Amino acid sequence: MSEPNSPPGLVPTVVRLKLSLLRNGLRQSGGRRAAYVASAVVTLLFAALQLLGLIALRGHDHAVSLVVLLAAVLGMGWAVMPLFFPSGDETLDPTRLVMLPLRPRPLVRALLAASLVGIGPLFTLLMLVGSVVSLAHGAAAWTVGVLALALGLLICVALARAVAAANIRLLTSRQGRDLAVLSGLVIAIGAQVVNFGAQRLGTSGLGQLDPAADVLRWLPPASAIGAVDSVSEGAYGTAAAQIAVSAGALVLLVRVWTRSLTRLMISPDGSTLQAAEPAARDRRSSAGLGRLLPGGRTGTVMERGLRYIWRDPKTKAAWVTSLGIGLIVPVFNALQGTGSIYFACFAAGMLGIQMYNQFGQDTSAFWMVALTISSRRDAYVELRARALALLLITLPYATLVTVLTAAMLGDWSKLPEALGLSLALLGAMLATGAWTSARFPYSIPQEGYKNVAPGQAGLAWIAIFGGMVAAALLCAPVIAVTIWLHVTEGGDSWTWLLLPGGAVYGAAITLLGLRLAAPRTATRLPEILTAVSKG
């Protein structure tokens with residue numbers, strides 16, 4: 001009698017599960033398949049170009065500094081990925097497996113193998129291959145390079161899994177998902193840091209990285225790559241120590257991951273305990289805020305708008321990104337020595353965008369607002385209160401960024417005119433934002449990372465970019481006066497008038513825009529409600 005077929009191992013089963021999740025996700029829609037294929041092609045093409053660049057560094061005196069820094073950046077990226085994109089990979093959530101009769105250690109091995117499937121691991125592997133090729137010289141170095149590849153890749157994926165398992169209760173809660181709003185800010189800061197670093201390297205060379213690389217080559221996963229260079233230089237003892245550091249880090253990460261996984265599998269979920277206490281705190285803070293705001297409809301609408309900014313993930317994400325970029329652009333340009341105080345206007349411009357599509361952030365709940373609007377006066381008060389809520393943040397922020405930029409550049413003489421231009425631009429964007437909110441409303445989906453409902457992308461482009469062009473045209477008189485004062489003999493002594501002039505002009509253009517948008521809002525309530533409810 002033949003023995004029954006033995007059950008498949010846990011590792012191939014979990015790997016097949018990962019592939020099935022990926023395949024079924026792509027079957028949902030053609031757009032999702034196209035987006036995945038396009039992102040995969042772009043990512044792999046970028047990885048291939050980086051691989052060629054790393055290979056071209058072979059033999060360069062400072063190649064080790066660059067590749068060690070690259071390995072450290074890869075490790076940091078894998079560490080923060082679960083925090084910013086908790087829903088990017090369903091298998092990152094071990095709570096989906098806690099009801100299965102599985103032991104933690106075999107499950108860790110299976111999930112580690114599944115982690116090696118995907119575009120991210122392939123991208124990381126190509127970067128590590130290029131790093132090894134650029135440093136390895138001799139048979140011993142190539143042998144250590146193979147070991148460094150395995151250690152570097154496993155450390156990266158184990159780090160991501162350990163971070164996800166340790167924070168999964170937080171990441172799957174509503175408050176935890178708000179961490180994803182920081183991704184836009186981190187990406188913006190990272191882009192400016194990379195730009196700043198690239199310019200410094202272009203003028204000073206790769207030797208600028210040597211001090212940082214001397215430290216990072218002892219931190220995993222960069223220590224594994226540093227071992228390849230140590231062997232190439234004949235420092236076998238140093239290489240052995242660096243490999244030992246990397247191997248020890250991998251063992252430690254696996255143990256931390258196992259402990260977190262064990263705790264998840266045997267502990268109850270207390271994420272909903274004491275939910276009433278935070279709600280009570282929200283009510284108390286709301287009452288305190290309400291006492292500081294005007295009475296009647298204006299104060300109510302302002303408080304609602306501020307609560308959206310604080311509590312709604314999509315609205316918070318937009319604000320955090322705008323606040324970050326509005327500060328980063330003038331500050332980083334000032335640090336590079338190529339900045340101008342007029343870059344401070346970028347802060348007002350980024351925050352002014354938040355006035356666009358005011359009703360879209362309400363989604364289907366806008367019907368409750370629509371029921372309270374029965375006249376043009378009601379529509380005007382609604383729009384005015386929303387603009388005032390924005391001004392509570394944008395006015396002090398734009399002023400702070402302008403003053404900070406002037407201080408960094410030492411250009412205090414141009415502070416009044418730069419601040420006046422910022423206020424005029426802010427007023428123009430509030431005016432055009434109120435009008436486009438009524439004329440081109442669109443829905444913001446509450447789930448996922450999309451900010452526009454399918455089929456409404458054209459409306460969003462028209463509303464945002466059309467409104468920005470109109471705002472720039474509305475600012476033309478203030479810009480013209482600024483240029484005229486600078487080209488006129490003795491005009492520089494009168495540029496301080498641009499501060500009160502810009503403030504008055506911005507306030508006037510805002511009130512005019514609200515007056516023009518109110519009738520359209522009152523008459524188009526059914527169309528607005530239909531447009532913002534599609535998501």
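The figures that follow rest on heavy atoms only: side chains count, while hydrogens, waters and symmetry mates do not. Heads up: numbering here begins at 1 and tracks the sequence. Note that the structure is a prediction, hence the values are computed from the model and not measured.
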Between [atom1] on residue [X] and [atom2] on residue [Y], distance to nearest 0.5 Å:
X      : Y      : atom1 : atom2 : answer
Thr238 : Asp229 : OG1   : CG    : 10.0 Å
Leu153 : Leu74  : CG    : CG    : 10.0 Å
Thr43  : Leu122 : OG1   : CG    : 9.5 Å
Phe46  : Met127 : CZ    : CE    : 7.0 Å
Ser131 : Leu66  : OG    : CG    : 8.0 Å
Arg103 : Thr262 : CZ    : OG1   : 10.5 Å

Which pair of non-hydrogen atoms, one from [X] and one from [Y], has the smallest distance, and what is that distance?
X      : Y      : value
Leu126 : Leu51  : O-CD1, 3.5 Å
Ser223 : Val245 : OG-CG1, 4.0 Å
Ser65  : Ala213 : CA-CB, 3.5 Å
Tyr397 : Ala347 : CE2-CB, 3.9 Å
Leu419 : Ala398 : CD1-O, 4.4 Å
Ala222 : Ala71  : CA-CB, 3.8 Å

With a 4.5 Å heavy-atom cut-off, do [X] and [Y] have their side chains touching?
X      : Y      : result
Leu421 : Leu425 : no
Leu44  : Phe123 : no
Pro121 : Trp78  : yes
Met468 : Ile353 : yes
Ile393 : Ile309 : yes
Val228 : Trp142 : no
Cys156 : Pro221 : yes
Tyr356 : Met429 : yes

Asp411 vs Leu415, test: side-chain contact (heavy atoms from CB on, under 4.5 Å). Steps then yes/no. CA-CA 7 Å; Asp411 197 1; Leu415 175 61; over 6 Å; no
Ser115 side chain to Arg161 side chain, donor-acceptor N/O pair below 3.5 angstrom: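 Per modelled atom types, Ser115 and Arg161 side chains form a pair under 3.5 Å.
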Would you tell me whether His486 and Glu417 have side-chain atoms, one donor and one acceptor, within less than 3.5 Å of each other?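 There is such a pair between these side chains.
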Please check if the side chain of [X] supplies one atom and the backbone of [Y] the other of a donor-acceptor pair under 3.5 Å.
X      : Y      : value
Ser232 : His137 : yes
Lys18  : Val117 : yes
Asn357 : Tyr442 : yes

Might you work through the side-chain contact (heavy atoms from CB on, under 4.5 Å) test for Phe346 and Val401, ending with a clear yes or no? CA-CA 9 Å; Phe346 208 85; Val401 171; over 6 Å; no
Evaluate the criterion side-chain contact (heavy atoms from CB on, under 4.5 Å) for residue pair Phe343 and Thr402; output intermediate values, then yes/no. CA-CA 8 Å; Phe343 278 116; Thr402 307; over 6 Å; no
After noting the C-alpha distance and the side-chain angles of Leu327 and Leu323, does the key distance pass the side-chain contact (heavy atoms from CB on, under 4.5 Å) rule? CA-CA 6 Å; Leu327 177 64; Leu323 289 169; over 6 Å; no
Give a yes or no on whether Arg58 atom CZ has more than 12 heavy-atom contacts from other residues, nucleotides or ligands under 6.0 Å away.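 Check passes, neighbour count above 12.
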